[in-house]
A.B. asks: 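Got a structure here, written out as structure tokens. Questions coming.
Read the numbers this way: they start at 1 and go in the same order the structure lists the ligands and their atoms. Residues take their numbers from the sequence shown, with the count starting at 1.
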Amino acid sequence: MSYIVAKFGGTSLANFEAMSRCADVVLASKETRLVVVSASSGVTNLLVSLGRGSLNEAQCHEAVSKIRDIQNAIIAHLTLSDEQQQHIESLLSRITDISVAVSQSESSSLELADELLSFGEQLSSFLFTQVLVERGEKASWFDVRQVMRTSSDFSKAIVSLDDLKSSVVEKLLPILEKNVVVTQGFIGADEQNRTTTLGRGGSDYSAALLGEAVGCSQINIWTDVSGIFTTDPRITSQAYALEEISFNEAAEMAIYGAKVLHPSTLIPAMRQNIPVFVGSSREPDAGGTIVRNETESKPVYRAIALRRAQTLVTVTSMAMLHAPGFLARVFAILAKHNLSIDLVTTSEVSVALTLDDTGVNSGGKSQLSEALLNELKEICQVKIEQDLALVAIIGNAIDSSNGVGSRLFSALDDVNIRMICQGASSHNLCFLIDEDQATDVISRLHHSMFEQNTQGAA
Ligand code: ADP
Ligand code: ASP
Ligand code: MG
């Protein structure tokens, strides 16, 4: 049988009404058998605040009671058995116990934080299963940690793909043949059965991985917007939904900040050539965007992505002049501290780079540690500039089309472009600007590329 995987994000599961709309979506398609859910909107953020260990006991109780209120508002519309009520209670009291323990401990623990974070998805998946059951669907709750085995890198765990495939075949497919299965995005478990998470926004990635493992025909990402837009619709009301976009373009968009998809989501989809649909659970009939290998249109300008809070690190050393090996040493230090580099530009004696923050852990810790900076300073001068934003123009044949630069520079002739990178990929042109100019820059570029020319997005 060919399955469709449906993933619902936080806003789609924010309350009972929203969950009911998601149930409509599931019930409307017989092929939709595997449902992957995020935590209800707001819950993960509350759990992150609890996991940081900076709240006192009273504040912990306050945060837990906000989580409890979100659950209770949903439960009020359901008929739960005593056993089911107790299950919810036990999850909530576990949240309280761990957060009080975290608040009393000297140092924060990524392991405990991951366990805390997992309760958001555990709660929402349990309640959404019940919503489906009460709508007459044969639905089962499935603990994804049985199959989503990961490394022990708490807060940004790496999934073991071979284990996933074999345990899905053994443990998930047999249930899927009989029932609709509701499971958790974002979480996994390591070899010692300790709960891990895949990084913020990771439920999209979980859905794609599970879709690949069950051999699904399509992955549907149901969110709060009707597709992938020419740019974040929160930045400009002129943004519009794209009918189609290629895997490569969408992957670049996600990497360069379009939050609508987690940056890793398209990797499993591309591996198996599984189309990904993005649509709104609030307006499922409004259509959405299909992401696939080949698109009919290949416009030079498809979309603009924005990544805020960027840090530019410039390392300078006269020793670099005509000296082999300097770059290798800088990159080795960054690699030793587990950082990967994103944009790079070089001159004779300096290198400017931004750090790839797509794998930033669920706790959102700063990547530039004292230890790293000290090591760099042993071989060069280091300058750090913060509060920058990375803008990425996404499209096709950007490296071989005339006029891209002139369009950019003329739209932004009064803006200080801090760094610019183009040429490595035919799908993007990236540059850095001051973060406080980001909204204005995107609106102006959007106007120039999508509101008055014929080359823009389809
Ligand atoms: P979910 O909780 O469903 O996973 P997210 O908040 O993670 O939803 O992603 C949806 C949000 O992504 C939208 O509300 C929108 O503001 C943002 N977004 C950023 N860039 C884009 C884009 N190009 N197209 C659509 N949405 C975008
Ligand atoms: N609930 C997690 C988060 O808020 C995962 C997700 O929503 O995809 O990051
Ligand atoms: Mg998301």
A.B. asks: What is the ring orientation for His87 with Trp141, classed by angle as parallel under 30°, tilted 30 to 60°, or perpendicular over 60°?
C.D. replies: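 It falls in the perpendicular class, over 60°.
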
A.B. asks: Please tabulate, for the side chains in residues 15-22, all donor-acceptor contacts under 3.5 angstrom to protein atoms that are two or more places apart in sequence or on a different chain.
C.D. replies:
residue, atom, partner, partner atom, Å
Asn15, OD1, Glu17, N, 3.3
Asn15, OD1, Ala18, N, 2.8
Ser20, OG, Phe16, O, 2.9

A.B. asks: Report the residue from Thr196, Asn193, Asp162, Leu161 that forms a side chain to side chain contact (heavy atoms under 4.5 Å, CB included) with Arg149.
C.D. replies: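 By the side chain to side chain contact (heavy atoms under 4.5 Å, CB included) criterion, Arg149 pairs with just one of Thr196, Asn193, Asp162, Leu161: Asn193.
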
A.B. asks: Contacts table for ligand 1: protein N or O within a distance under 3.5 Å of ligand N or O, distances only.
C.D. replies:
residue, atom, partner, partner atom, Å
ligand 1, 2 (O), Gly10, N, 3.2
ligand 1, 3 (O), Thr223, OG1, 2.7
ligand 1, 4 (O), Lys7, NZ, 3.1
ligand 1, 6 (O), Lys259, NZ, 2.9
ligand 1, 8 (O), Thr223, OG1, 3.1
ligand 1, 12 (O), Val260, N, 3.4
ligand 1, 14 (O), Asp224, OD1, 2.9
ligand 1, 14 (O), Asp224, OD2, 3.3
ligand 1, 14 (O), Arg234, NE, 3.4
ligand 1, 14 (O), Arg234, NH2, 2.7
ligand 1, 16 (O), Asp232, OD1, 2.8
ligand 1, 16 (O), Arg234, NE, 2.7
ligand 1, 23 (N), Phe229, O, 3.1
ligand 1, 24 (N), Phe229, N, 2.8

A.B. asks: Hey, can you tell me if Tyr240 and His446 have their rings parallel, tilted or perpendicular (30° and 60° cut-offs)?
C.D. replies: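 Perpendicular, since the angle between the ring planes exceeds 60°.
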
A.B. asks: Once you round to the nearest 0.5 Å, how far does CD1 of Ile187 lie from CG of Asp114?
C.D. replies: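 One finds 9.5 Å between CD1 of Ile187 and CG of Asp114.
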
A.B. asks: Can you list every protein residue that has a heavy atom under 4.0 Å from any atom of ligand 2, sorted by chain and residue number?
C.D. replies: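 The 4.0 Å shell around ligand 2 contains Ser38, Ala39, Thr44, Glu121, Phe186, Arg200, Gly201, Gly202, Ser203.
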
A.B. asks: Looking at Ser246, is its backbone amide N or carbonyl O close enough to the side chain of Thr295 to form a donor-acceptor pair, meaning the two atoms are under 3.5 Å apart?
C.D. replies: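 No, the answer is negative, given that no donor and acceptor are paired below the 3.5 Å cut-off.
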
A.B. asks: Can you list the steps and then say if Gln71 with Leu91 is a side-chain contact (heavy atoms from CB on, under 4.5 Å)?
C.D. replies: CA-CA 11 Å; Gln71 313 313 311; Leu91 294 177; over 6 Å; no

A.B. asks: Using distance only, find each side-chain donor-acceptor pair of residues 267-280 under 3.5 Å and give its atom names and separation, not counting sequence neighbours.
C.D. replies:
residue, atom, partner, partner atom, Å
Arg271, NE, Glu212, OE2, 2.7
Arg271, NH2, Glu212, OE1, 2.9
Gln272, NE2, Glu212, OE2, 3.2
Ser280, OG, Arg282, N, 3.1
Ser280, OG, Glu283, N, 3.1

A.B. asks: Calculate, to the nearest 0.5 Å, the distance between atoms CD1 and CG belonging to Ile228 and Leu242 respectively.
C.D. replies: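 Answer for the CD1-CG pair, Ile228 versus Leu242, is 7.0 Å.
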
